[in-house]
Protein chains: 2
Amino acid sequence: MELKLILAGLMKKMSPQMPVTDEQLQRILEVIDEVPVTKGEFVLRQGKVSNYYLLLNGYMRGYTFDEQGNEVTTNFFAGPRAVLDAASFFGRLPSAENIVAISDCRGYLLTLEQLNKLFHEMPEFREFGRAILVRELVIAQEQKLAHINLSAEDRYKQLVERDTELMQHAQLRHIASFLGVTDTSLSRIRRELANKK
Amino acid sequence: MELKLILAGLMKKMSPQMPVTDEQLQRILEVIDEVPVTKGEFVLRQGKVSNYYLLLNGYMRGYTFDEQGNEVTTNFFAGPRAVLDAASFFGRLPSAENIVAISDCRGYLLTLEQLNKLFHEMPEFREFGRAILVRELVIAQEQKLAHINLSAEDRYKQLVERDTELMQHAQLRHIASFLGVTDTSLSRIRRELANKK
DNA sequence: TTAGGTTCTTGTCATTTGGCAAGTGTTCCT
DNA sequence: AGGAACACTTGCCAAATGACAAGAACCTAA
């Protein structure tokens, strides 16, 4: 399927009360760049200022390091998602995150200037951008809540349920660190889940 | 200190690259409502559509209930903060959250119409609104990260360090459920921290 | 003052999770 | 084929946390 159509569908879905016209979509495509990302490529490196990758298709993983130097997975992304470190991108600050593709991906790469230009000239795109940002906020709050009131086992079950395909691209130790448990623990959790069935 | 001045200072701090003029500030104050909230009052009730309370001064707590019916504290707020359920406010959906003042508070109450009106006519306010939203996103992601790579003890230490005053207004069991541990556990953690010193 | 309610602490024991080390299986490179 | 590297599993024991119940400290209202 053509990327342009996916984008159109996403914009319609995210801000249905302010639909874009075909001419506006054409204008957007003149400004932003279609950039494929192959598995293993990075869209963000620690220490750099984040870009805004509008991931339409594929899977990515974000990670950083704790004080002991252990890798910690902070995010999994399944298109369509906004892939960025918001604090870095909007604040023009070096990021503490790394974000890497764990499958071949398709999407658009936006700079802050491109985004601001489109925000300025097109209220519909502004609304879309806000809806995307709100969704990222909701996702982060949901994941935080899962840590507060679910056990590791339940968090794992929820993750697999909601993102079955994504989980098939992710390594177990990355899933474990994302859930906040060791890979040993997650391995045991999986064994018990398998036994129950 | 007058609330208007606090708002002016906040706007300057949040979006320094697009400062508001005095006339614009005056216009903003014509549109939004200054609303004090006394301790124990709610700014959001489960099942209602969220408003946007721009908390400038004071402390609030957000909570919901898990499947077993236990109260779970999802957020503490210390002014200046945007106090809202973003999914509910922007999506016009009933909220699952309750938000209650745990001290007397001062701030402005905004409806979505008021916010959209100001966004539409004032790019500076738009920028401010975006900066606020980004900050909420960063806060949520930081708290999620704390759950992934810190122990309960470290999460508690970090919370007390960063929000000393807020913690003096919060009950221990609410802090405990916010941290994702039982009040029993938190009580023990506090005892051991006291012993260490 | 007393009685009742709420909050926090503590003790005991069960469950979950972590740390470490060994073992199995797979992939990849030469 | 051989070997190294990596991913995942498992066993053993220690540490952290939960569940439950009792007690201490405090506040409030009759």
Side-chain angles (χ1 to χ4, degrees), chain A residues 38-40 59 61 63 65-73 76 98 100-103 144-160 164 166-197, chain B residues 39-40 59 61 63 65-73 76 98 100 102-103 144-160 164 166-197:
Chain A
T38 61
K39 182 174 173 174
Y59 305 105
R61 180 177 76 93
Y63 64 93
F65 297 90
D66 66 15
E67 312 88 20
Q68 291 86 43
N70 303 311
E71 189 181 301
V72 179
T73 295
F76 285 112
N98 299 279
V100 63
I102 56 177
S103 77
K144 175 181 124 190
L145 186 58
H147 276 278
I148 292 180
N149 68 6
L150 294 184
S151 65
E153 178 172 330
D154 287 343
R155 287 202 300 283
Y156 177 70
K157 282 197 291 193
Q158 179 181 302
L159 190 61
V160 170
T164 312
L166 204 172
M167 289 305 106
Q168 288 162 1
H169 289 86
Q171 294 188 357
L172 182 120
R173 64 205 176 94
H174 295 150
I175 300 174
S177 77
F178 179 68
L179 293 175
V181 298
T182 58
D183 55 350
T184 309
S185 241
L186 182 55
S187 190
R188 276 191 284 253
I189 286 169
R190 283 168 26 127
R191 175 178 46 183
E192 297 185 13
L193 283 181
N195 287 344
K196 284 182 188 170
K197 295 170 189 170
Chain B
K39 182 173 173 175
Y59 305 105
R61 180 177 77 93
Y63 64 93
F65 297 90
D66 65 15
E67 311 89 17
Q68 291 86 42
N70 303 311
E71 189 182 300
V72 179
T73 295
F76 285 113
N98 299 279
V100 62
I102 56 177
S103 78
K144 175 182 126 190
L145 187 59
H147 276 278
I148 293 179
N149 68 6
L150 294 184
S151 64
E153 178 172 331
D154 288 341
R155 286 202 299 283
Y156 177 70
K157 283 197 290 194
Q158 179 182 302
L159 191 60
V160 170
T164 312
L166 204 172
M167 288 305 106
Q168 288 162 1
H169 293 268
Q171 294 189 357
L172 181 122
R173 64 206 175 95
H174 295 150
I175 300 174
S177 78
F178 179 67
L179 293 175
V181 298
T182 57
D183 54 350
T184 310
S185 241
L186 182 55
S187 189
R188 276 191 282 253
I189 287 171
R190 284 171 19 133
R191 175 178 47 183
E192 295 185 14
L193 284 180
N195 287 344
K196 284 182 187 169
K197 295 170 190 171

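Keep in mind the model is a prediction, meaning the values are calculated, not measured. Side chains included, hydrogens not; waters and symmetry mates left out as well; all remaining heavy atoms used. Each chain gets a letter, A, B and so on, in the order its sequence line appears, and its residues count up from 1.
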Could you check whether any side-chain N or O of Thr164(B) sits under 3.5 Å from a backbone N or O of Val160(B), counting only pairs where one atom can act as donor and the other as acceptor? yes

Whole-Å distance, Tyr156(A) OH to dT16(C) P, equals 18 Å

Rounded to 10°, the angle between the first-five-pair and last-five-pair axes of the helix from dT1(C)-dA30(D) to dT30(C)-dA1(D) is 30°

One should read off an interatomic distance between Met167(A) CE and His169(A) NE2, to the nearest 0.5 angstrom, of 11.0 Å

message = A side-chain contact here means heavy atoms from C-beta on lying under 4.5 Å apart; do Asn195(A) and Arg191(A) qualify?
response = yes

Query raised in the report: Are the side chain of Ser177(B) and the backbone of Thr73(B) linked by a donor-acceptor contact shorter than 3.5 Å?
Result: yes

Reading nucleotides 8-22 of chain D from 5' to 3' and marking B where a protein heavy atom lies under 4.0 Å of the base, S where only the sugar-phosphate is that close, and - otherwise, the string is SBBBB----SBBB--

* **Test item: Arg173(B) side-chain N/O and Asp183(B) main-chain N/O as donor-acceptor pair under 3.5 Å** => no

In this structure, CD of Gln168(B) is separated from OG of Ser103(B) (nearest 0.5 Å) by 12.0 Å

Rounded to whole Å, the CG-P distance (Leu150(B) to dT17(C)) equals 18 Å

**Asked** Ring centroid separation for Tyr59(A) and Phe76(A), is it under 6.0 angstrom?
**Response** no

Sidechain-backbone polar pair: Arg61(B) side chain, Val100(B) backbone, donor-acceptor under 3.5 Å: no

